[in-house]
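In what follows, every chain begins at residue 1, and chains take the letters A, B, ... in the order their sequences are listed. All heavy atoms count here, side chains included; hydrogens, waters and symmetry mates do not.
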Amino acid sequence: MKNKEIADLLDRIGVLLEIKDDNVFKIRAYHKAAENIASVAEDIATLRQENRLSEIPGIGKAIEEKIAEYLDTGKIKAYQELIQEIPETLLDIVNIPSIGPKKAKLFWEELRIKNVDELRWAAEDGKLLGLPGIKEKTIENILSGIKVVQAGQERMNLGAATQIAEQFVAALKSLPEVKEISVAGSLRRSRETIRDIDILVDSTDPQKVMETFVCLPQVKQITVQGDTKSSVLTKENVQVDLRVVEPKSFGAALLYFTGSKNFNVKLRQVAMKKNMKVNEYGIFRVAVSGKETCVASCTEEECLNALGLGYIPPELREDIGESELFSGRKIPKLIELKDIRGDLHVHSTWSDGRNTIAQMAETAQKLGYEYLSISDHSPRLRVAGGVSPENLKKKKKEIEDLNSKLKNFRILFGTEVEIDSDGNLDYNEKILSEFDIVIAAIHSGFEQKQAQLTKRLVKACQSKYVTAIAHPTGVHLGKREPYDIDLKEICKAAVDTNTFLEINSFPVRLDLNSHNVYFAHSQGVQFVINSDAHSIDHLPFMKFGVAIARRGWLTKEDVLNTLPLKQLEKVIKNRNR
DNA sequence: GCCGTTTTCGGCCCGACTGTTTTCAGTCG
């Protein structure tokens, strides 16, 4: 699937045009197009074949042609021409914090600096001094920016970001000067990966809050410090931004700083049509005279209502389902964590889990679940110590013994069975029929061609014993790209065979992701949300999967493990017969 | 370069902070 490649390339064209000081709206069009392509769940090559590229918002004639050109030739002529004029490596320079297209252009034109190393040498040798607008402080910022980039500022997964944010929130919350506090930004929207952490505080004494914030022990470096906004780098090189507002603007500020950027743009466009204005201080009515009157600011709901919109949960403030959001259609009641009645994919010491079945079950009960499936790996997955057929008998006995002592809770005898390179399952039919629930997964042979990988998953769906496909795309955030599958084909197979697709809540997976969930849902797919816990500490990861489900517009009715045990068992039994 | 319930041309979101400037451009979110 070439979606990401093409999105990257269009983004690069955008930046190069910025360096060239081209029309800002043209530049924005390229970035917007790139963003939208990156978030399309379907293969862009398929969309092109079906002549549906223009269905993607922000794709007009010119960009459509460039996409086609890339799919046919592997190149885009316009890009090749741009990098004849401007060295491609200037793109790395623009990536350095405090450097944008203007400075990159300046350094290139005046000093022929074309990459980060040359820039560092020039900065260290004082060669940048004397260029217009460049003095000591700017050089200092450039050198520190280079260090930040080279230390690696990759996006964190949702779980890692949540952990860091919780530390900051806890520290600030204890201050008497802090009235309300909330995370904002992409973390509040529960994006799969997060770059910076945004925190919003409402306080009557901003200075005190800022002082405390920048002096917290986890802070390594202060990058920005103002009256209402400060930014720091933590020891792990994570940027944390703090905004402080007056209590009366908390809602407007929260709306504003939660974003997404595109959602905010959309809100302002809605506002403009009503002769209104949106900023972080409130929603304003603008009179013909130009006089502005604040009409809402205290809560997000108030602000959205003032714009004629109902409340929109943060997870939906994305481009996913945007047309629905602003068409006046009612937003469904999204699934919540409390709707989840059990976890159908966890591991125990029988394979690569760290805790016993009993321990896992005990924690699951504390979380308020009604059931838990111990879905250990099958033998083919050697590294995980998959359970042999002989051991399965012992494991089943252990579960039966535990169940006989449990009240209002049931442990299910499950498996996460390997799908081999031909799409066959790692246990025979007789063994598979013994399980309460079977989920099937791919853990090897990722490098196969799209057709073959897709066929494997489709074949697994067709097994009458398989209830769900675990982590369908195999992505490992920041480590491994998803394997090349035709999601549409797999959705079709899932729907035809009543097979559920998993939303795996494990923070490095989050697979399916929210875009895929939204797409699969549109194809009629049903889901299961699992933690894939390998220890009792992992069971609470379920909240991340639920967040992804919400981002994909799912309601509780779309998710198998919101059912009470009896109904769940019935669904599993009746499936595909 | 894209887009349309002000529709095929003329628009295209808004503000904080920094470092350089004597009032603002660049960067960032």
Picking from B:dG1, B:dG26, B:dG19, which would you name as closest to the side chain of A:K26? B:dG1
What integer distance in Å separates A:I142:CD1 from B:dC28:C1'? 16 Å
Does a side-chain N or O of A:K261 approach OP1 or OP2 of B:dG29 to a distance below 4.0 Å, or not? no
Between A:S98 and B:dC28, is there a side-chain N or O to OP1/OP2 distance below 4.0 Å? no
Would you mind checking if A:K127 and A:D125 are paired as a salt bridge, meaning a charged N to carboxylate O distance below 4.0 Å? yes
In whole Å, measure the gap between the C1' atoms of B:dC12 and B:dT7 for me. 15 Å
CZ of A:R243 versus P of B:dC14: gap in Å, rounded? 16 Å
Does A:Q269 place a side-chain N or O at less than 4.0 Å from the phosphate oxygens OP1/OP2 of B:dG11? no
Between A:I99 and A:G133, which has a closest nucleotide on DNA chain B that is more 5'? A:G133
Is there a residue in residues 275-283 of chain A whose heavy atoms reach under 4.0 Å of DNA chain B, and which residues are they? A:K277, A:V278, A:N279, A:E280, A:Y281
Measure NZ/A:K229 against P/B:dT27 and give the value in whole Å, please. 14 Å
Please report the distance, rounded to the nearest Å, between CG in A:N264 and C1' in B:dG29. 10 Å
Between B:dA16, B:dG1, B:dG29, which nucleotide gets closest to the side-chain atoms of A:A29? B:dG1
Please determine which of A:I93, A:L90, A:I113, A:I19 meets the side chain to side chain contact (heavy atoms under 4.5 Å, CB included) test together with A:W108. A:L90
I'd like to know if A:E318 pairs up with A:R191 as an ion pair, taking the criterion as any Lys NZ or Arg NE/NH1/NH2 lying under 4.0 Å from an Asp or Glu carboxylate oxygen. no
Mind checking A:L267 for me? I need base, sugar-phosphate or nothing, with any heavy atom below 4.0 Å counting as a touch. nothing
Take atom C1' in B:dG15 and the same atom in B:dT22, then report the distance between them in whole Å. 22 Å
Taking atom C1' of B:dG1 as reference, at what distance in whole Å does atom CG of A:L9 sit? 16 Å
With the threshold set at under 4.0 Å for non-hydrogen atoms, list the residues of residues 42-72 of chain A touching DNA chain B in residue-number order. A:P57, A:G58, A:I59, A:G60, A:K61, A:A62, A:I63, A:K66
One thing to verify: whether A:R112 and A:E109 come together as a salt bridge, which I'm taking to mean a side-chain N less than 4.0 angstrom from a carboxylate O. no
If we take the C1' atom in both B:dT6 and B:dG10, what is their distance in whole Å? 11 Å
Between B:dT21 and B:dA25, how far apart are the P atoms? Round to whole Å, please. 14 Å
Should A:K277 and A:E292 count as an ion pair when the cut-off is N to O under 4.0 Å? yes
Just by distance, no angles: are the side chains of A:T258 and A:R188 close enough, under 3.5 Å, to form a donor-acceptor pair? yes
Where is the tightest heavy-atom contact between A:Q523 and A:C491, given as atom of each residue plus distance? CB-CB, 3.9 Å
Does A:N141 have a side-chain nitrogen or oxygen under 4.0 Å from the phosphate oxygens OP1 or OP2 of B:dG19? yes
Quick check for you: to the nearest 0.5 Å, what is the distance between A:D92 atom CG and A:L119 atom CG? 11.0 Å
Which heavy-atom pair separates A:V270 from A:L307 by the least distance, and what is that distance? CG1-O, 3.9 Å
Starting from the 5' end of DNA chain B, give me the residue, A:T223 or A:G100, whose nearest nucleotide shows up first. A:T223
A:K137 has a side chain; which of B:dT27, B:dT20, B:dT18 sits nearest to it? B:dT20
When rounded to whole Å, the CG to C1' distance for the pair A:L128 and B:dG26 reads 16 Å
B:dT27, B:dC28, B:dC12: which one has an atom nearest the side-chain heavy atoms of A:M272? B:dC12
Check ion pair A:R550-A:E336 (N to O, under 4.0 angstrom): no
Is it true that A:R12 and A:E88 have a side-chain N and a carboxylate O under 4.0 angstrom from each other? yes
Expressed as a whole number of Å, how far does the P atom of B:dT18 sit from that of B:dG11? 35 Å
Return the nucleotide paired to B:dT8: Watson-Crick means purine N1 to pyrimidine N3 with N6-O4 or O6-N4, wobble means G-U with N1-O2 and O6-N3, both under 3.5 Å. none
For B:dT18 and A:T138 - does any side-chain N or O of the residue sit under 4.0 Å from the phosphate oxygens OP1/OP2? no
On a heavy-atom basis, the closest approach of A:L334 and A:P313 is CD1-CG, 3.8 Å
Whole Å only: how far is the CG atom of A:D241 from the C1' atom of B:dA16? 11 Å
Look at the side chain of A:D227 and decide which nucleotide, out of B:dT6, B:dC12, B:dC17, has an atom nearest to it. B:dC17
For B:dT21, take OP1 and OP2 only and decide whether either is under 4.0 Å from a side-chain N or O of A:K135. yes
Within the structure shown, what part of the strands sits under 4.0 Å from A:L131 by heavy-atom distance: base, sugar-phosphate, or nothing? nothing
Between B:dT27 and B:dT20, how far apart are the two P atoms, rounded to whole Å? 13 Å
Out of B:dT6, B:dG29, B:dT27, which has the shortest distance to the side chain of A:K102? B:dT27
For nucleotides B:dG29 and B:dT23, find the distance between their C1' atoms and express it as a whole number of Å. 24 Å
A:I134 CD1 to B:dG19 P, in whole Å, measures 12 Å
